[in-house]
There are 2 protein chains.
Amino acid sequence: MEIPSVVIDRLPLYARVLDNLEQEGQTVVSSQELGIRLNVTPAQIRKDLSYFGRFGKQGRGYNVSRLLEELRRILGLDHQWRMALVGVGRLGRAILGYEGFMPQGFKLVAAFDSDEATIGQELGEIRIDDVANLETVLEEQPVDIGIVAVTAEEAQSVIDALVGCGIRSILNYAPIAAHVPRDVQLRRIDPVLALQSMTYYLKHRQKSPSLTG
Amino acid sequence: MEIPSVVIDRLPLYARVLDNLEQEGQTVVSSQELGIRLNVTPAQIRKDLSYFGRFGKQGRGYNVSRLLEELRRILGLDHQWRMALVGVGRLGRAILGYEGFMPQGFKLVAAFDSDEATIGQELGEIRIDDVANLETVLEEQPVDIGIVAVTAEEAQSVIDALVGCGIRSILNYAPIAAHVPRDVQLRRIDPVLALQSMTYYLKHRQKSPSLTG
DNA sequence: ATCTGTGAAGCACTTCACAGCG
DNA sequence: CGCTGTGAAGTGCTTCACAGAT
């Protein structure tokens with residue numbers, strides 16, 4: 001069965017709240033309570049989870065630790081994933097520097113830049129390589145996920161290079177609509193688009209769609 | 001007529017490509033060509049634009065400058081919008097430091113932090129205020145948009161304070177599902193969720209299983 | 001000949017509502 | 001009872017397909 005991608009996108013959200021609940025010492029939770037915490041309807045949570053199995057107990061709810069573990073397994077968060085950063089300028093350093101960014105299970109194993117002065121610098125335990133050597137370096141040291149933090153102009157060719165290396169998941173911070181093959185996951189982080197669509201509602205005073213932040 | 005929020009979300013994307021086209025000197029564009037550049041179907045582009053008027057010429061396409069101007073007007077990008085940043089730690093500085101972030105028409109006019117050492121520092125032409133004074137400062141100097149770059153723990157109370165000041169658009173970088181009234185726009189920038197959902201596809205569509213973990 | 005604008009059809013996601021179990 | 005799991009109904013977005021304009 002093909003699971004809707006919107007469902008997959010919500011699973012990390014559920015996992016995060018379950019993590020919070022576990023740390024608060026709560027052992028059982030209902031879809032209603034999860035829904036309140038996440039601004040999601042209880043029916044949607046139950047439906048989403050039902051794609052993967054029957055994790056709840058009727059009359060009681062879900063065991064927090066059990067459900068969290070299941071979600072981590074489903075999402076592959078019980079693996080270690082290797083990432084490469086391309087573009088170690090201001091933006092790239094900011095992404096890494098923000099300590100909350102690198103979650104459990106994700107590890108940076110390579111970094112690339114095109115700037116002479118940047119190449120050769122150390123980034124934690126990693127040496128910054130010339131982006132021209134991207135293919136050869138990633139052949140030796142394969143990665144699962146590429147993070148693109150170069151300029152809009154360079155982004156598409158960097159993404160092409162990553163795809164050429166067999167990478168099938170890319171997180172793109174460059175403000176372009178990049179092209180990738182169907183089997184490659186591409187997510188865009190683009191705060192400017194968010195700002196520019198919010199102004200519509202500021203101008204038009206329209207009722208907002210129900211959103212969760 | 002109530003315009004679907006997914007449509008509003010795509011308009012800045014269209015505007016960006018039209019901006020590129022204008023700079024390339026192209027004067028006319030078809031929905032087909034826009035669609036190719038954006039990975040969107042031509043029908044969707046035409047449908048989206050039809051919510052707002054009839055901007056094209058049959059047999060020719062759209063005038064690039066004209067359509068760009070219309071979209072800017074619709075989105076309110078012909079206004080000047082004032083923003084406040086709450087949280088001037090690593091993340092907050094990174095957001096501002098990345099020069100591509102602050103687009104035309106958006107201006108930072110206030111910044112807040114809770115850290116003694118940070119309060120009083122200059123940020124461009126702005127003095128960083130104590131977040132405890134948020135209400136009073138924003139009463140004197142009202143803003144349209146709030147940018148939240150504080151920790152997960154502080155985020156909800158900061159968002160409540162912003163909402164209390166009458167702010168109706170918030171860009172939230174903290175990894176929480178915040179609660180706001182229906183008439184407040186809240187957008188979340190959460191790269192970790194993006195990473196954690198991509199791993200699902202890595203795990204489930206991978207040809208050879210990952211050896212790590 | 002080409003490309004827009006748009007009702008209608010199609011598709012996908014969400015919500016309902018209730019059987020069933022603890 | 002309370003709460004899950006789930007077919008069915010409902011809703012909303014996307015795509016089709018073609019009349020109409022240049």
Side-chain angles (χ1 to χ4, degrees), chain A residues 1-14 17-18 21 26-68 70-71 74 177 182 197 200 206-212, chain B residues 1-11 13-14 17-18 21 26-68 70-71 74 177 182 197 200:
Chain A
M1 186 199 0
E2 185 75 26
I3 291 152
S5 59
V6 281
V7 173
I8 305 300
D9 290 347
R10 281 191 293 266
L11 299 185
L13 226 57
Y14 300 162
V17 169
L18 288 164
L21 286 168
Q26 191 168 328
T27 57
V28 171
V29 69
S30 66
S31 61
Q32 170 133 177
E33 187 180 353
L34 283 175
I36 290 167
R37 292 226 182 197
L38 286 165
N39 276 345
V40 165
T41 64
Q44 180 159 80
I45 293 171
R46 294 201 302 276
K47 188 67 147 184
D48 285 355
L49 297 177
S50 78
Y51 284 105
F52 304 97
R54 305 168 56 143
F55 306 122
K57 275 208 169 39
Q58 282 144 324
R60 298 232 321 135
Y62 301 89
N63 178 297
V64 170
S65 304
R66 158 91 195 292
L67 184 54
L68 176 56
E70 293 282 4
L71 287 175
I74 292 162
R182 281 261 160 355
S197 61
Y200 173 84
Q206 202 169 326
K207 196 173 138 188
S208 63
S210 178
L211 281 175
T212 297
Chain B
M1 185 200 0
E2 185 77 26
I3 291 152
S5 60
V6 281
V7 173
I8 305 300
D9 290 348
R10 280 191 293 264
L11 298 185
L13 227 56
Y14 300 162
V17 169
L18 288 164
L21 286 168
Q26 190 168 329
T27 58
V28 171
V29 68
S30 66
S31 59
Q32 170 133 178
E33 187 181 353
L34 283 175
I36 290 166
R37 291 224 183 200
L38 286 164
N39 276 344
V40 165
T41 64
Q44 180 159 80
I45 291 172
R46 295 201 302 276
K47 188 68 149 181
D48 285 355
L49 297 177
S50 78
Y51 284 105
F52 303 98
R54 305 165 59 142
F55 306 121
K57 276 208 167 38
Q58 281 145 324
R60 295 221 339 124
Y62 301 89
N63 178 297
V64 171
S65 305
R66 158 90 195 296
L67 184 55
L68 177 55
E70 293 282 3
L71 287 175
I74 292 162
R182 279 269 178 313
S197 60
Y200 173 84

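In what follows, every chain begins at residue 1, and chains take the letters A, B, ... in the order their sequences are listed. Quick caveat: nothing in here was measured; it's all calculated off a predicted structure.
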**Item:** Note, A:Arg37 side chain near A:Leu21 side chain (heavy atom, < 4.5 Å)
**Value:** yes
**Request:** Determine: side-chain N/O of A:Arg60 to OP1/OP2 of D:dC1, distance under 4.0 Å, yes or no.
**Result:** no
**Message:** Could you walk me through whether A:Val7 and A:Arg10 satisfy the side chain to side chain contact (heavy atoms under 4.5 Å, CB included) test, starting with their C-alpha distance in whole Å, then the side-chain angles of each, then the deciding distance to 0.1 Å, before giving a yes or no?
**Reply:** CA-CA 5 Å; A:Val7 173; A:Arg10 281 191 293 266; 3.8 Å; yes
Check residues 58-67 of chain B and write down every donor-acceptor pair under 3.5 Å in which the side-chain atom is one partner and the other belongs to a residue at least two apart or another chain.
| unit_1 | atom_1 | unit_2 | atom_2 | d |
| --- | --- | --- | --- | --- |
| B:Asn63 | OD1 | B:Ser65 | N | 3.0 |
| B:Asn63 | OD1 | B:Arg66 | N | 2.9 |
| B:Ser65 | OG | B:Glu22 | OE2 | 2.9 |
| B:Arg66 | NE | B:Glu70 | OE2 | 3.0 |
| B:Arg66 | NH2 | B:Glu70 | OE2 | 3.1 |

**Message:** Using whole Å, what does the distance between atom P of nucleotide D:dC3 and atom CD1 of A:Ile36 come to?
**Reply:** 11 Å
**Message:** Rounding to an integer number of Å, can you tell me how far A:Gln32 CD sits from D:dG5 P?
**Reply:** 15 Å
**Prompt:** Is it true that atom CD of B:Gln32 has more than 12 heavy atoms of other residues, nucleotides or ligands lying nearer than 6.0 Å?
**Reply:** no
**Asked** Mapping A:Pro4 and A:Gln58 onto DNA chain C by nearest heavy atom, which one lands closer to the 5' end?
**Response** A:Pro4
**Fill in**
Here the gap from A:Ile45 atom CD1 to A:Lys47 atom NZ, rounded to the nearest 0.5 Å, amounts to 14.5 Å
**Message:** Let me confirm one number: the CG-OG distance from B:Leu38 to B:Ser31, rounded to the nearest 0.5 Å.
**Reply:** 11.5 Å
**Request:** Check DNA chain C against residues 38-53 of chain B and give the residues with a non-hydrogen atom under 4.0 Å, in numerical order.
**Result:** B:Arg46, B:Lys47, B:Ser50
**Request:** Under 4.0 Å from any heavy atom of chain B: name the first and the last nucleotide of DNA chain C that qualifies, 5' to 3'.
**Result:** C:dT2 to C:dA8
**Prompt:** Atom CZ of B:Arg54 and atom P of D:dG20: how far apart are they, to the nearest Å?
**Reply:** 12 Å
**Request:** Please name the pair of heavy atoms, one in A:Phe55 and one in A:Leu49, separated by the smallest distance, quoted to 0.1 Å.
**Result:** CE1-O, 3.7 Å
**Asked** What's the spacing between B:Ile74 CD1 and B:Phe52 CZ if we round to 0.5 Å?
**Response** 5.5 Å
